[in-house]
Chemist: 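Let me begin by handing over the structure; questions about it come next.
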Protein chains: 2
Amino acid sequence: MRSYRQYCPIARALDLVGERWTLLVVRELLLQGPCRFTDLRNGLPGIASNLLSGRLKELEEAGLISREEAPPPIATTLYALSPTGRALEPVLRALGMWGLQLLADEREEDAFQPHWLAYASSCFTTDGDPGAPPVVIQLLASGRAALIEIGPGGVQARVGRALAPDLTLEGRPRSALDLLTGAIDLAAATRAGLIATGNLDVLTRLRPIASIGRPPVEN
Amino acid sequence: MRSYRQYCPIARALDLVGERWTLLVVRELLLQGPCRFTDLRNGLPGIASNLLSGRLKELEEAGLISREEAPPPIATTLYALSPTGRALEPVLRALGMWGLQLLADEREEDAFQPHWLAYASSCFTTDGDPGAPPVVIQLLASGRAALIEIGPGGVQARVGRALAPDLTLEGRPRSALDLLTGAIDLAAATRAGLIATGNLDVLTRLRPIASIGRPPVEN
DNA sequence: CCGGATCCCCAGGGATACTG
DNA sequence: CAGTATCCCTGGGGATCCGG
């Protein structure tokens with residue numbers, strides 16, 4: 001394993017998770033929970049299968065993930081984050097917060113999956129009315145689904161489909177993001193091609209934290 | 001520039017700072033402030049000069065650093081973080097907090113510089129007596145010097161030498177780290193080869209935050 | 001001495017094909 | 001479905017060289 005050979009916590013951390021794709025693998029495991037090889041591959045468009053295989057092996061050796069042979073009816077191996085791996089969440093949150101500004105330019109060639117947006121949303125918003133009953137927002141795109149759950153645990157993101165979401169958002173990721181950050185209102189988002197169905201009031205539950213929503217920094 | 005091509009804030013962030021050495025360059029600029037090419041190279045033992053040059057160019061294009069021609073008597077170009085670059089600090093803090101556990105094993109071949117430890121310390125401690133007058137701890141190793149400043153701004157780290165530090169620590173990095181995290185007391189640190197001179201009481205000003213100092217996680 | 005640029009070589013990453 | 005095998009290529013490591 002390649003190392004920076006520096007007695008520095010940051011360098012040591014990067015020794016383990018600084019290689020290409022590694023933190024994105026952690027992102028997927030964090031959002032999807034225990035999942036199969038194929039689930040990871042689907043959540044990481046562009047990764048080569050040998051590379052994913054190699055990363056999983058390295059991460060297991062480093063103690064960041066565990067590999068478990070699930071009994072039937074699953075009958076396959078599941079990958080899951082260990083506590084040490086889950087402890088990387090603040091790193092992903094910080095990276096995600098910093099990277100938000102970079103989403104201002106929407107590139108047509110970029111892949112998109114709704115759980116990425118759900119996670120971003122859970123990072124930059126808090127529950128605006130913690131006492132109120134829990135609500136669920138469904139995000140749909142590219143034939144996949146993710147959820148933003150607002151409840152006692154705060155704002156949480158996960159992959160999956162809800163039976164009866166309070167609100168469903170579907171459409172161009174940029175307009176959904178702008179709506180969730182509070183950069184635009186629902187009318188503008190709809191005009192930008194977003195389809196929102198359900199109880200639109202649940203959007204008021206999502207309170208974007210300060211210091212986001214500014215235009216992309218040019219300097 | 002190589003990109004993950006994913007419309008996800010984490011992936012976009014890694015597009016810019018995910019390559020080898022990049023975040024360590026940011027670490028140095030954050031700790032050293034505006035500095036010369038050689039200062040950066042010294043703070044990044046192991047980096048090839050062409051690679052450092054390349055990274056600086058990329059970071060400038062991305063708007064994370066600025067290059068400035070300083071007038072005499074400096075008469076050289078200084079590199080400095082832009083506001084966007086400085087905004088990466090939470091990322092480095094999170095990585096540093098996570099990487100702390102990895103410092104449990106001390107490898108003889110690893111390079112060490114005192115400002116790395118100073119920064120780590122500023123991440124995992126708070127001022128235990130905010131009302132008290134400011135104090136300065138000097139760290140010495142490998143012929144270099146760094147400072148931990150405890151004052152109105154909290155606990156801050158920077159490269160440099162103090163005229164009259166309240167406390168000076170010199171010796172094996174592991175024992176200094178263990179002392180600062182509270183894992184061992186001063187007597188044990190001294191026994192482990194640490195040399196402490198000055199007012200030893202200032203150590204009580206550094207209050208390690210919870211959830212650190214545990215032994216290295218094996219699972 | 002500082003601030004790089006150039007060159008060569010190899011390991012790690014990307015794409016695709018193939019197999020249990 | 002869950003990877004492995006293969007081939008190619010790019011980016012990184014290391015040394016050296018060069019202008020100011």
Side-chain angles (χ1 to χ4, degrees), chain A residues 1-6 11 14-25 28-29 32 34-62 65-80 109-111, chain B residues 1-6 11 14-25 28-29 32 34-62 65-80 109-111:
Chain A
M1 191 203 56
R2 188 159 49 166
S3 168
Y4 288 109
R5 314 220 157 229
Q6 298 182 0
L14 291 174
D15 282 346
L16 293 187
V17 300
E19 282 172 323
R20 196 162 164 76
W21 290 107
T22 303
L23 279 176
L24 295 185
V25 171
E28 287 307 309
L29 287 168
Q32 299 199 28
C35 58
R36 301 169 301 171
F37 187 90
T38 303
D39 300 326
L40 290 174
R41 192 214 290 242
N42 288 336
L44 298 165
I47 198 173
S49 60
N50 59 348
L51 199 37
L52 176 54
S53 168
R55 288 288 176 270
L56 290 170
K57 214 164 294 178
E58 295 166 15
L59 287 173
E60 189 185 9
E61 284 171 18
I65 68 173
S66 66
R67 177 190 310 242
E68 185 191 349
E69 302 293 330
I74 300 182
T76 186
T77 88
L78 291 182
Y79 297 91
E109 72 268 26
D110 277 12
Chain B
M1 191 202 58
R2 187 156 51 165
S3 167
Y4 288 109
R5 315 220 155 228
Q6 297 182 1
L14 291 174
D15 282 346
L16 292 186
V17 300
E19 282 173 322
R20 195 162 163 79
W21 290 106
T22 303
L23 279 176
L24 295 185
V25 171
E28 287 306 310
L29 287 168
Q32 299 200 27
C35 57
R36 301 171 301 171
F37 187 90
T38 302
D39 300 325
L40 290 174
R41 191 214 291 244
N42 288 336
L44 297 166
I47 198 173
S49 62
N50 57 349
L51 200 38
L52 176 55
S53 168
R55 289 286 178 271
L56 290 171
K57 212 164 297 178
E58 294 166 14
L59 287 173
E60 189 186 8
E61 284 171 17
I65 68 173
S66 65
R67 176 192 310 245
E68 185 190 350
E69 302 293 331
I74 301 183
T76 185
T77 86
L78 291 181
Y79 297 91
E109 72 267 26
D110 276 12

Chemist: Could you tell me if the side chain of A:Glu109 sits less than 4.5 Å from the side chain of B:Arg5, heavy atoms only?
Modeler: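 They are in side-chain contact.
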
Chemist: Round to a whole Å and report the spacing from NZ of A:Lys57 to P of D:dA5.
Modeler: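 Going from NZ in A:Lys57 over to P in D:dA5 covers 8 Å.
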
Chemist: Report all side-chain donor-acceptor pairs from residues 34-44 of chain A shorter than 3.5 Å, counting only partners two or more places apart or in another chain.
Modeler:
{"residue": "A:Arg36", "atom": "NE", "partner": "A:Asp39", "partner atom": "OD2", "Å": "3.1"}
{"residue": "A:Arg36", "atom": "NH2", "partner": "A:Asp39", "partner atom": "OD1", "Å": "3.1"}
{"residue": "A:Asp39", "atom": "OD2", "partner": "A:Arg36", "partner atom": "N", "Å": "3.0"}
{"residue": "A:Asn42", "atom": "ND2", "partner": "A:Thr38", "partner atom": "O", "Å": "3.3"}

Chemist: For the pair made of CG in A:Leu52 and P in C:dT16, what is the distance, rounded to whole Å?
Modeler: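 The distance from CG of A:Leu52 to P of C:dT16 comes to 17 Å, rounded to the nearest Å.
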
Chemist: Can you see which heavy atom on A:Trp21 is nearest to which on B:Tyr4, and at what distance?
Modeler: N-OH, 2.9 Å

Chemist: Quick one: pull up CG in A:Leu14 and OG1 in B:Thr22 and give me the separation to the nearest 0.5 Å.
Modeler: 10.0 Å

Chemist: Does a side-chain N or O from B:Ser53 land closer than 4.0 Å to OP1 or OP2 of C:dA5, or not?
Modeler: yes

Chemist: D:dG3 P sits how many Å from A:Arg55 CZ, rounded?
Modeler: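 Interatomic distance, CZ of A:Arg55 to P of D:dG3: 16 Å.
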
Chemist: Report the distance from atom CD1 of A:Ile47 to atom C1' of D:dA2, rounded to the nearest whole Å.
Modeler: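 In whole Å, D:dA2 C1' and A:Ile47 CD1 are 14 Å from each other.
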
Chemist: Between the base of C:dA5 and the side chain of B:Ser49, is there any donor-acceptor pair under 3.5 Å?
Modeler: yes

Chemist: How long is the line joining CG of B:Leu51 and P of C:dA11, in whole Å?
Modeler: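 Rounded to whole Å, this separation is 17 Å.
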
Chemist: Separation of B:Arg20 atom CZ from C:dG12 atom C1', in whole Å?
Modeler: 11 Å

Chemist: Roughly how many Å is it from CD in B:Glu19 to P in C:dG12, rounded to a whole number?
Modeler: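 Taking CD of B:Glu19 and P of C:dG12, I get 16 Å after rounding.
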
Chemist: Hey, is A:Lys57 close enough to A:Glu60 for a salt bridge, meaning N to O under 4.0 Å?
Modeler: no

Chemist: Classify the side chain of A:Asn50 versus the base of D:dG3 as yes if they form a donor-acceptor pair under 3.5 Å and no if they do not.
Modeler: no

Chemist: Does a side-chain N or O of B:Trp21 approach OP1 or OP2 of D:dG11 to a distance below 4.0 Å, or not?
Modeler: no

Chemist: Quick check for you: to the nearest 0.5 Å, what is the distance between A:Asn50 atom CG and A:Arg55 atom CZ?
Modeler: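 It comes to 10.0 Å.
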
Chemist: With a non-hydrogen cut-off below 4.0 angstrom, is A:Gly46 in contact with a base, only sugar-phosphate, or nothing?
Modeler: sugar-phosphate

Chemist: Nearest-nucleotide wise, let me know which of A:Tyr4 and A:Leu56 is further upstream toward the 5' end of DNA chain D.
Modeler: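 In this pair, the answer is A:Leu56.
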
Chemist: Would you say A:Arg5 places a side-chain N or O within less than 4.0 Å of OP1 or OP2 belonging to D:dG13?
Modeler: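 Result: no.
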
Chemist: For DNA chain C, determine which residues of residues 36-45 of chain A have any heavy atom closer than 4.0 angstrom to one of its atoms, and list them numerically.
Modeler: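 Under 4.0 Å from DNA chain C: no residue of residues 36-45 of chain A.
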
Chemist: Could you tell me whether the phosphate oxygens of D:dG3, OP1 or OP2, come under 4.0 Å of any side-chain nitrogen or oxygen in A:Tyr79?
Modeler: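 A:Tyr79 to D:dG3 OP1/OP2: side-chain N or O found under 4.0 Å.
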
Chemist: Atom CZ of B:Arg2 and atom C1' of C:dA15: how far apart are they, to the nearest Å?
Modeler: 13 Å

Chemist: Quick one, A:Arg2 and B:Arg20 - any side-chain contact, counting heavy atoms below 4.5 Å?
Modeler: yes

Chemist: Does C:dC2 have OP1 or OP2 under 4.0 Å away from a side-chain N or O of B:Thr77?
Modeler: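 No.
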
